[in-house]
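Below is one structure; the comments refer to it alone.
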Number of protein chains: 2
Amino acid sequence: MTTDRSTEDLMSNDAERPAARPTITDVARHAGVSKGLVSFALNDRPGVSAETRARILASARELGWTPNLRARSLSVDRSYALGLVIGRSVDVIAADPFFHSFIAGVESEFSTAGQVLVLAQATPGREETATYRGLAADKRVDGVFLSDLRAGDDRVALVRELGLAAVTLGRPDVESPFPSVSVDDGRGIRAAVEHLAALGHRRIAHVAGPSTMLHGRRRAEAFTTALVAAGLEPTAIIETDFSAVDGARATRELLGLGADRRPTAIVYSNDHMAFAGLAVAQRAGIHVPHDLSITGFDDTELARHTFPSITSVATDAFDWGARSARLLLATIAGQPVDDVELSEPRLVVRESTTTAPESESARH
Amino acid sequence: MTTDRSTEDLMSNDAERPAARPTITDVARHAGVSKGLVSFALNDRPGVSAETRARILASARELGWTPNLRARSLSVDRSYALGLVIGRSVDVIAADPFFHSFIAGVESEFSTAGQVLVLAQATPGREETATYRGLAADKRVDGVFLSDLRAGDDRVALVRELGLAAVTLGRPDVESPFPSVSVDDGRGIRAAVEHLAALGHRRIAHVAGPSTMLHGRRRAEAFTTALVAAGLEPTAIIETDFSAVDGARATRELLGLGADRRPTAIVYSNDHMAFAGLAVAQRAGIHVPHDLSITGFDDTELARHTFPSITSVATDAFDWGARSARLLLATIAGQPVDDVELSEPRLVVRESTTTAPESESARH
DNA sequence: CCGTGCATCTAAACCGGTTTAGTCGCATCA
DNA sequence: TGATGCGACTAAACCGGTTTAGATGCACGG
C-alpha cells in the first residue's frame, strides 16, 4: 500500500516546477533543426543559411535561451575569468588603496565581456605558490595579473609553467613571455626631487619601499639619479616595507640625525608612509613644511585631507587596471599584443612642500 | 601534391604533446573497473568493496589524477565559488580598508575548501542589479555576501529571487531568508560617547554615515541613545556619504557654529572622516584634543599614525569575513545555521580625546 | 548525362565528471 | 530447491554546450 503508484500522481503537478532554463536542445526542437546547427548559428559561424539562422535566433529569443557557462566552459576549455593574487600580508595591503582603483579599472573592461574577477589573497612564499597552482589546477582562470613584482620574481616562471596567460604590472627583471603594463614611476620621483631642488632644498632624503620589490627599488634608483642630476650630494635612503609603521620609524631615524645632516625634505615612496612621517615630524615639533618638506606617492584621497595637505605623485591606478585587463583579454584571445606604457605620473603640488629653511639656502 | 597524405606523418610525433592530465576514465582503465565505480570510490560512497576501493584510490594516486572542476561543476550544478559585489563608488571605497580585511578573513576559510572568491564592483542601482543577475545567470557563484546593507534593501529580494544563497553583513530591515553576521557597532558608538561624557564633554556632535545605509543609521541612532542616557542635550548630527571630503565638509559646518553651540567633541562614523576632520580643525587653528576631542570608527592602521593619534572603535573585519564565509558555506552545504553575533567592538583610546575645555566644564 | 564541388544540415562524438538502471553472482530463507 | 534480497559492479544516460564526420541536394562544367 505504501508503495502504491498513486503517490506519483501527486508529483505530476509541474506548475510547481520552476520553468527550467531552456537549453540549446530546446531551441533546436523549437526551430526544427539539429542541436549542432543551433550552436553554429548562435556563434555566427558559416554554414548556416540566412533564413535558418534568423529562425534559430528567433527561437532562442522567444524561449529566452541564455548560454550555460559551465557547459561552454567544459567544451571550449575556457573559464571566462581572470585572477588576481594579492601577495602581501593583510596589514600592509589594508592601507593601500591602489588595489581598489586597480580592480575597479579591471572590472570596467568586464562589463562588455562577460568576464569575472577571481580574487585571492596569499602571503608570499609557499602559500602564494600554492594559490597559483590551485587556480591553474582547477582552471579557475584563463589568466592572471602579476602585481607587486619582486626582484628575480619566481612567479613569472611559475605562471608560465602552469600554462596560464598573464600580464605583469611593470616590467619584471627576469625573462618574461608576458606582456607588461607599466608606468614610469621613476619619472614621478624625479619630478618630486626637481620640485624640491627648485625650492632650494639641498639635503633631500628618501624613505624607500623594500628593495626586493621592483617598484620600491626603481623609485629609489630614480631618486638617486635625480639627486645627481640636480647636482646634490648623496643623501640618506632608508628602506622600509611600505607600511605606515615603518614609514614612521624611518622618519624618526632621519629626524634624529645631527642638525647638519638632517634632511630638509623627504621624498616618501608612498602616501601612507608620508602620512605617518608627517605625524612623526609634527609630534617632534618640526613644522611641515617650514622646517621640513615632504612628498608622497600615489596621490591617495587622504593626501588632500591632511594638514598640511601633501604634495604627491599621481598615477592612474584605474587606468592601469583597465589597460591591463584589456591586454590580458587580448592575449587570451590570441591577438598580438604589445607592452603598454601608461601616461606619465604627475606631481600634484600641495601644502607640504615649500622653500628650504633659511639657514639651509643661506648655507649654500 | 599539396594534399599529399604524407604531411600528416609530421604530426605523429606525440612526444611534443604535454602529458594530458588523466581523467576518471584513465583511472578506471588502470584499475580495471568502470568509470562510474571510480566516481563512487573517489567520493567514498557505499557500494564499493574495500579492496576495490583501495585499488582505485591507488590508481588515482599513481596516475596523479585530480578532479576536473568544470566537469564536476556541470554535473553537480555547483560553482565552488562565492561572490562579493562591492556596491560603492570607487572613490568612497578606495579609502576604506574594511574590505581588505574582510576579504582576507573570507579567504582564510577557503584554503581548506577549494573555494574561490569572485569579486565584482558595481555602483548601486541598475548596474548593481545587473551584476547580481549576471552572476546568477552564469552560475558563477553558489552564494553571495550582502554587505553595506541599505534601508529597505532590494538586494535581499533580488538575491532570493535569483535562487542564490547568501549571508547578510548585519541584519537587514526587510524580511530576509538569509542568515546574518553582525557586530553591535552601536555598542562602539556608545562607548565613545560615554568616554567623552566621562571626560566632561557636554556638547558632542556626530558626523554620521548616510541614513540610507543601515550601519550609518544604526550608529547615528546609537549616538542619540547614548547622549540621552548620559543626560546630555541633543546635539548636531550631520549626515555624510562616508567620504573624506564629506567628513571635512561636515566638520567645517560644525566648527562654524557660534561659540556657544560649537561642539567640544565630535564622534565620527568612520576613521577617514575623522582624519579629514582632524585636518580641518588644525587648519582652523583649533587644537585637537585641547579645544576639540574626536573619535573615529574602524580603528584603521592610520589612526595610530596621525598627530595626535585618533581614538577609535575597533571592530574585527577579518573575523567578520571568516565567520561570514563559514556561515555561507554551511548554508550552501544545507546545514542548519544560526545568525552570528561577533564579539563586541572596543574603544581604543588614544591622543585625540581629552577632558573638555575649561570654559565648558566650568559652564556646567 | 554524369561526376564534382559546395552549401546546408544531421547525427554523433566529445569535454569529464555524476547518477541511474540494470546485470550478475552469491547467500539466505521458506 | 527455487524465489528473494543484497552487495558489487557495469553500461549508459546525463549535464549543455562544441565540433567533427557524413549525408543530402542542388548547381555547374565537361
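The structure presented is a predicted model; accordingly, all values stated were derived computationally and were not measured.
Looking at heavy atoms from C-beta onward, B:E161 lies in side-chain contact with B:R133 at the 4.5 angstrom threshold. Taking the side chain as every heavy atom from C-beta outward, B:W320 and B:L342 approach each other to under 4.5 Å. A:R155 has its side chain within reach of A:L149: a pair of non-hydrogen atoms, C-beta onward, lies under 4.5 Å apart. At least one side-chain heavy atom of A:V156 sits under 4.5 Å from a side-chain heavy atom of A:P172. The side-chain heavy atoms of B:F110 and B:L82, taken from C-beta on, include a pair separated by under 4.5 Å.
Each of B:A71 and B:G47 has a nearest nucleotide on DNA chain D; the 5'-most of these lies closest to B:G47.
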Would B:L84 and A:L119 satisfy side chain to side chain contact (heavy atoms under 4.5 Å, CB included), going step by step from the backbone distance to the final call?
CA-CA 10 Å; B:L84 175 61; A:L119 186 76; over 6 Å; no
side-chain hydrogen bond (donor to acceptor under 3.5 Å, both in side chains) between B:R171 and B:S176, intermediate numbers included:
CA-CA 9 Å; B:R171 268 177 290 274; B:S176 166; over 6 Å; no
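For residues 51-68 of chain B, proximity to DNA chain D is found at B:T52, defined as any non-hydrogen atom under 4.0 angstrom from a strand atom. If you check residues 34-42 of chain B against DNA chain C, the residues with a heavy atom closer than 4.0 Å are B:K35, B:G36, B:S39, B:F40, listed by number.
Among the heavy atoms of the strands, none lies under 4.0 Å from B:D77. Within 4.0 Å (heavy atoms only), B:R45 reaches sugar-phosphate atoms of the nucleic acid but no base atom.
When DNA chain D is scanned in the 5' to 3' direction for atoms under 4.0 Å from non-hydrogen atoms of chain A, the outermost contacting nucleotides are D:dG16 to D:dT20.
Using a 30° and 60° split on the angle between ring planes, A:H100 and B:F99 fall in the perpendicular class, above 60°.
Residue B:L42 holds its CG atom at 9.5 Å from CZ of B:R53, rounded to the nearest 0.5 Å.
With hydrogens and angles ignored, the 3.5 Å screen pairs a side-chain donor or acceptor of A:S79 with a backbone N or O of A:K139.
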